[in-house]
Protein chains: 2
Amino acid sequence: MSDNDQRLGRLARTRARLQECALDLFERQGYDQTTAAQIAGAAGVTEMTFFRHFATKDRLVVEDPYDPLIADAVAAQPRGLPPLTRAVGGLRAAWARLPEPASDDVRRRVRIAAATPSLRAAIAANNAATEQILVEQLVGDGADPDAASVAAAAVLAGITAALLRWSQRDGAALADAVSAALDTLEARR
Amino acid sequence: MSDNDQRLGRLARTRARLQECALDLFERQGYDQTTAAQIAGAAGVTEMTFFRHFATKDRLVVEDPYDPLIADAVAAQPRGLPPLTRAVGGLRAAWARLPEPASDDVRRRVRIAAATPSLRAAIAANNAATEQILVEQLVGDGADPDAASVAAAAVLAGITAALLRWSQRDGAALADAVSAALDTLEARR
DNA sequence: GAACAAATGTTAGTGGCTAACATTTAGTGG
DNA sequence: CCACTAAATGTTAGCCACTAACATTTGTTC
């Protein structure tokens, strides 16, 4: 057991073990071909325990990002602009303020997602929460609800698409991919 | 048996019966609370037969739209514009050329989808095919693949969001909702 | 080391979905 | 009208994601 594991506590440790085993299996034999029981077995644990740590199988790959940060950044955007422009501006600001994430781990997950059509649905469902927050922020600042809803959905879907393509390249910077996507959303490319 | 049913053939008839029973049940007790066996029973048929007509439960609500039409319309857009602009323009043209669909039936389905988070995922998965076609068209006409991918995803997600909101209103015209969404995607509102 | 709570295990189920094989039903040619 | 065929449906059995109720272990604290 590594030092790192030692100071994690039993709960966090099994969770980490499950996640690691799962990603390994997904990469080796595919997400759909890997059963929950198999993951649990590889982690030396019961299927039941697996589901206590991850409510659904797809949560092993898709995780929630930085909702509050995004809301703040959008709030800081100047008013009076069209919702799409404000959403894009907010996302740009939010991203700049973000700690550069462990890019390799992110890419690993996104790669699995990109290779697994059935997971795109999970990503979309996951985006719904962020979308909700974005919409509320835009509407709270005076945008038309319909327009806000469209803008929020479009921006998140656009960024997601960019992430999926980014994961297939080697060595490219995540920040550049996101930045380019935001440009596209402003019809600047 | 109505005249309409008579000239449908057994296959199409059970299919229609299944769909009708399903929508009824979904509206009365919710999508998630309705089981495939229940639908089959209501239609006087076996669960097995149900799945022979609809590969998945969500296909009862989410259906494929007009992919080839969209591709053509995008192809007809002037070149040299940013991908988002071209995609929006293409969609606008495609929509204008569309036979105004049976709005009530569409609204019925979309309403169920809007009320059922677990169905948003199915919608997203369904959009993937259209997205693919859009991307190919844009790239084939010289767009950067990354930008094309972002633009296609954004436009489809935006329209989907607009549809979901439209379904919640009474009497509003579908065409207006779509048109407004496309304006938003061009940051014109 | 007894007591308590957190973490895991067991068992039994539901619901979506599939495969393999049997049966019915609706047309068709004789 | 009947035999024949193919399409449409039925039966049975099972996989997998996921859940509920209850039992057991494991670590911690006093």
Side-chain angles (χ1 to χ4, degrees), chain A residues 1 5-23 25-26 29-63 112-113 116-126, chain B residues 1 5-23 25-26 28-62 112-113 116-126:
Chain A
M1 197 185 295
D5 288 348
Q6 293 260 18
R7 58 172 66 92
L8 240 55
R10 197 160 53 132
L11 200 79
R13 224 180 311 140
T14 21
R15 191 191 152 89
R17 223 169 51 232
L18 278 167
Q19 184 131 24
E20 183 52 33
C21 292
L23 291 187
L25 286 168
F26 292 163
Q29 56 181 36
Y31 175 88
D32 289 323
Q33 284 67 49
T34 304
T35 125
Q38 219 175 333
I39 299 169
V45 111
T46 299
E47 199 182 339
M48 187 71 253
T49 295
F50 167 86
F51 282 111
R52 274 197 273 252
H53 284 272
F54 297 91
T56 58
K57 194 181 153 192
D58 47 52
R59 284 232 167 256
L60 286 162
V61 182
V62 178
E63 35 178 12
I112 293 170
T116 313
S118 62
L119 269 176
R120 311 255 175 96
I123 297 181
N126 188 58
Chain B
M1 200 182 295
D5 288 348
Q6 294 259 22
R7 58 172 66 91
L8 241 54
R10 198 160 54 133
L11 199 79
R13 222 180 312 139
T14 28
R15 190 192 152 90
R17 224 169 49 233
L18 278 167
Q19 183 133 24
E20 184 51 33
C21 292
L23 291 188
L25 286 167
F26 292 163
R28 291 218 308 271
Q29 55 181 40
Y31 177 87
D32 289 323
Q33 284 67 51
T34 305
T35 106
Q38 218 176 332
I39 299 168
V45 110
T46 300
E47 199 184 338
M48 187 69 252
T49 295
F50 167 87
F51 281 112
R52 275 198 272 251
H53 284 271
F54 297 92
T56 58
K57 193 180 153 193
D58 46 53
R59 285 231 168 257
L60 286 162
V61 182
V62 179
I112 294 171
T116 313
S118 61
L119 271 177
R120 313 259 175 94
I123 298 180
N126 188 57

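Across all strands shown, A:S118 has no heavy atoms under 4.0 Å from either base or sugar-phosphate atoms. Among the heavy atoms of the strands lying under 4.0 Å from A:T49 are primed sugar atoms or P, OP1, OP2 only; no base atom is included.
In this structure, B:H53 reaches the D:dT9 phosphate: one of its side-chain N or O atoms is under 4.0 Å from OP1 or OP2. Put simply, B:T56 has no side-chain N or O that comes within less than 4.0 Å of OP1 or OP2 on C:dG16. An OP1 or OP2 oxygen of D:dA17 is reached within less than 4.0 angstrom by a side-chain nitrogen or oxygen of A:T35.
Between the C1' atom of D:dA17 and the CG atom of A:L60 lies a distance of 12 Å, rounded to the nearest Å. Note: CD (B:E47) to P (D:dA8) measures 21 Å, nearest angstrom. To the nearest angstrom, P of C:dA7 lies 14 Å from CG of A:L18. Between B:L11 atom CG and C:dT25 atom C1' the separation is 13 Å, expressed in whole Å. Taking atom CD of B:Q33 as the reference point, atom P of C:dT14 lies 17 Å away to the nearest angstrom. At whole-Å resolution of the value, CZ in B:F51 and C1' in D:dT9 are 15 Å apart. To the nearest angstrom, P of C:dG16 lies 18 Å from NZ of A:K57. Atoms CE (B:M48) and C1' (D:dC15) sit 14 Å apart, rounded to a whole Å.
Here D:dT11 is the nucleotide among C:dT8, D:dT11, D:dA17 with the atom lying nearest to any side-chain atom of B:T46.
A:Q33 is not listed as a side-chain neighbour of A:L25, based on a closest heavy-atom distance of 4.5 Å or more. Considering only heavy atoms from C-beta on, B:L60 comes within 4.5 Å of B:I39 through its side chain.
Between the side chain of B:R52 and the base of D:dG10, at least one donor-acceptor pair of N or O atoms lies under 3.5 Å.
B:I123 contributes atom CD1, which lies 9.5 Å from atom CG of B:D58 (distance to the nearest 0.5 angstrom).
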